[in-house]
Amino acid sequence: MSGAFLHTVFDILAWLAAAGAVWWLSRQRLQFPAQSFQMPYIAALVFGAGLGAYLFGSANLWLSGQSGIARSVEGALAGGIVAIELYKWTAGITLRTGARFALPLAVGIAIGRLGCYFAGLDDFTYGTPTTLPFGHDFGDGVLRHPVQLYESAAMAVFALAYVLAVVNRNAFTITNGFYLALAYYGAQRFLWEFLKPYGALLGPLTLFHVLSLSILLYAGVMLATAPKARRLQSELLA
């Protein structure tokens, strides 16, 4: 099978897994803000995520001396955040609405990154050369860091920790799960960016270094200003 085909397969699996995570959360009888289920909210999210994915993905190619159009999951995340915050501001929504996206986000990235790994050199998400024994040859005879697998494993760990928190009815994690997911994603992504052959934007930092720090800062502010999470009971209805 070609790398492009496998990438598409894992993209589909990532969406299905994210949908499965949404279903599982619905079975846990949790309460999430109703605004995050409304069509205008979802439309703003899809538009912002799509625009951010192509804008940042293509900009990174340009900064790395390559031509073409590309997508970026981190760009989609940043675009979605900006779009939703603008939508909430214009609609007068003051509630925090991202809680139900924490697990789908983590699961989707964990599986989707496997597609990036199997896509090989064409995907331009591989790492820099390494002499470590687990370096991977993507087809040109050079052993490189399989950073896609690093990120996949990291997000899988977060997903598992989040599931355990839900099972144990951890109120803070459930209420602020999205911002915890963002903080965790931004931190681990910032580290992996040092192992990628991307062009620099600011000193030694790439576009995705800066984007990771921005996401981490946003999440940090939201967590620092989060209202006290009320105690959750197992009998709460969705």
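Every value quoted in this text rests on a predicted model; they were computed, and no experiment measured them.
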Contacts of Arg144 that satisfy salt bridge (charged side-chain N to carboxylate O under 4.0 Å, His left out) - sequence neighbours left out: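 Arg144: salt bridge (charged side-chain N to carboxylate O under 4.0 Å, His left out) contacts with Asp140.
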
By salt bridge (charged side-chain N to carboxylate O under 4.0 Å, His left out) - contacts of Arg113 (at least two apart):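 Listed in chain order: Glu151.
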
For residues [X] and [Y], report the shortest heavy-atom separation together with the two atoms involved.
X	Y	result
Ala17	Ile111	CB-CD1, 3.3 Å
Pro197	Thr128	N-CG2, 3.8 Å
Leu223	Asn176	CD2-CB, 3.8 Å
Cys116	His7	SG-NE2, 3.7 Å

Does atom CZ (Phe47) have a neighbourhood of more than 12 heavy atoms from anything else shown, all under 6.0 Å?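 Not buried by this count: 12 neighbours or fewer within 6.0 Å.
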
With no hydrogens and no angle check, do the side chains of Glu193 and Ser212 hold a donor and an acceptor under 3.5 Å apart?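 No, Ser212 and Glu193 have no side-chain donor paired with an acceptor closer than 3.5 Å.
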
Spacing of Leu191 atom CG and His209 atom NE2 [to the nearest 0.5 Å]: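 So the CG of Leu191 and the NE2 of His209 are separated by 8.0 Å.
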
So, is the end of the Arg189 side chain (NZ or CZ) under 6.0 Å from the ring centre of Tyr150 and within 45° of the ring's axis?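 Geometry flag: not set, cation outside 6.0 Å or 45°.
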
Backbone of Glu74 reached by a side-chain donor or acceptor of Ser72 within 3.5 Å: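 Looks like yes, one N/O pair under 3.5 Å.
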
If you look only at pairs with a residue in residues 39-51, which of them pass as a side chain to side chain donor-acceptor pair (under 3.5 Å), with sequence neighbours excluded?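 Passing the test, one end in residues 39-51: Tyr41-Thr97.
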
Evaluate the side-chain proximity of Arg71 to Phe56: yes if any heavy-atom separation is below 4.5 Å, no if none is.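 In short, these two side chains do not touch, never coming nearer than 4.5 Å.
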
Below 4.5 Å, heavy atoms only, C-beta onward: do Leu61 and Ile69 meet side chain to side chain?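 With C-beta onward as the side chain, the pair stays apart.
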
Is it the case that the ring center of Tyr198 lies less than 6.0 angstrom away from the ring center of Phe124?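 When the ring centroids of Phe124 and Tyr198 are compared, they turn out to be within the sub-6.0 Å range.
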
Under the ring-ring contact (aromatic ring centres under 6.0 Å, His included) rule, what pairs show up with a residue in residues 79-121, not counting sequence neighbours?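 Those involving residues 79-121 are Phe10-Phe118, Tyr117-His136, Tyr117-Phe138.
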
Can you name the residues that form a side-chain hydrogen bond (donor to acceptor under 3.5 Å, both in side chains) with Thr173, not counting sequence neighbours?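 Thr173 satisfies side-chain hydrogen bond (donor to acceptor under 3.5 Å, both in side chains) with Asn170 only.
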
Ser36: which residues meet the side-chain hydrogen bond (donor to acceptor under 3.5 Å, both in side chains) condition with it, sequence neighbours left out?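 So Ser36 forms a side-chain hydrogen bond (donor to acceptor under 3.5 Å, both in side chains) with Arg100.
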
